[in-house]
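None of the values given here were measured: they were computed from a predicted structure. Because only heavy atoms are used, hydrogens play no part in the values below, and waters and symmetry mates are left out as well, while side chains stay in.
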Amino acid sequence: MAEFNFNNKIFSLIENSENGKVDSETIFKYKQEGDLVTAEYYGGLIKYGKIIALLKNDKLDMLYQCITTENELKSGKAIAYISLTSNNKIKLKLNWEWLGKKNEHGISEYIEH
């Protein structure tokens, strides 16, 4: 079994690149079965989003999609680097990229509640 457990964990944003859509009002609700990790997210500029990821040691290989409050459909991919804080909360640092014509990318960080 994996060292990290994402099942029934809630995450929120610490910081995001300027071209990201997630903000401090966005909440992520994770589930995990073995190395399969999924999440639903919503709030702020996100009407609804979904993540599917594979857990590999201290990384999540992610694909995500969302619809914004402006009814814009977006999708992307990310590698999330997993670490633990001093009080054993999971912290994620994502190197992400929107898929599509612009190929915008950025870095965002999230913390477990």
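S17 and I107 make their closest contact through OG-N, 2.8 Å (heavy atoms, listed as atom of the first residue, atom of the second, distance). Nearest approach of G76 to L99, heavy atoms of both residues: CA-CG, 3.7 Å. Heavy-atom minimum distance, T26 versus G43: OG1-O, 3.0 Å. Closest of all the heavy-atom pairs between N19 and H105 is ND2-O, 3.1 Å. Closest of all the heavy-atom pairs between K31 and N7 is CA-OD1, 3.4 Å. Contact between W96 and E104 at its shortest, heavy atoms only, is CZ3-O, 4.1 Å.
Relative ring orientation between F28 and Y41 is described as parallel, the plane-to-plane angle staying below 30° on a 0-90° scale split at 30° and 60°.
Between L63 and I51, every side-chain heavy-atom pair lies at or beyond the 4.5 Å cut-off. Annotation: side chain of K21 is in contact with side chain of I46 (closest heavy-atom distance under 4.5 Å). Side-chain contact between L36 and I52: present, with at least one pair of heavy atoms (C-beta onward) separated by less than 4.5 Å. You'll find the side chain of E112 stays beyond 4.5 Å of the side chain of F6, heavy atoms only. L92 has its side chain out of reach of F4: every pair of non-hydrogen atoms, C-beta onward, lies at least 4.5 Å apart.
In this structure, a donor-acceptor pair under 3.5 Å is present between the side chains of N71 and K47. Under the 3.5 Å distance criterion, with hydrogens and angles disregarded, a donor-acceptor pair is assigned to the side chains of K29 and Y42.
A donor-acceptor contact shorter than 3.5 Å links the side chain of K89 to the backbone of H113.
To the nearest 0.5 angstrom, I67 atom CD1 is 9.5 Å from E72 atom CD. Of the inter-residue distances, the one linking L55 atom CG with Q32 atom CD reads 5.5 Å to the nearest 0.5 angstrom. Interatomic distance, K50 NZ to Q65 CD, rounded to the nearest 0.5 Å: 9.0 Å.
Note: the hydrophobic cluster containing Y30 does not contain I27 (ILVMFWY, side chain heavy atoms under 4.5 Å, direct or indirect links). Under a hydrophobic clustering in which Ile, Leu, Val, Met, Phe, Trp and Tyr are joined whenever their side-chain heavy atoms come within less than 4.5 Å, directly or via other members, Y48 and L73 fall into the same cluster.
Remark: of the listed residues N16, N95, I14, N16 is the sole one forming a side chain to side chain contact (heavy atoms under 4.5 Å, CB included) with S108. When L84, T85, I111, N5 are each tested for a side chain to side chain contact (heavy atoms under 4.5 Å, CB included) with I90, only one passes: L84.
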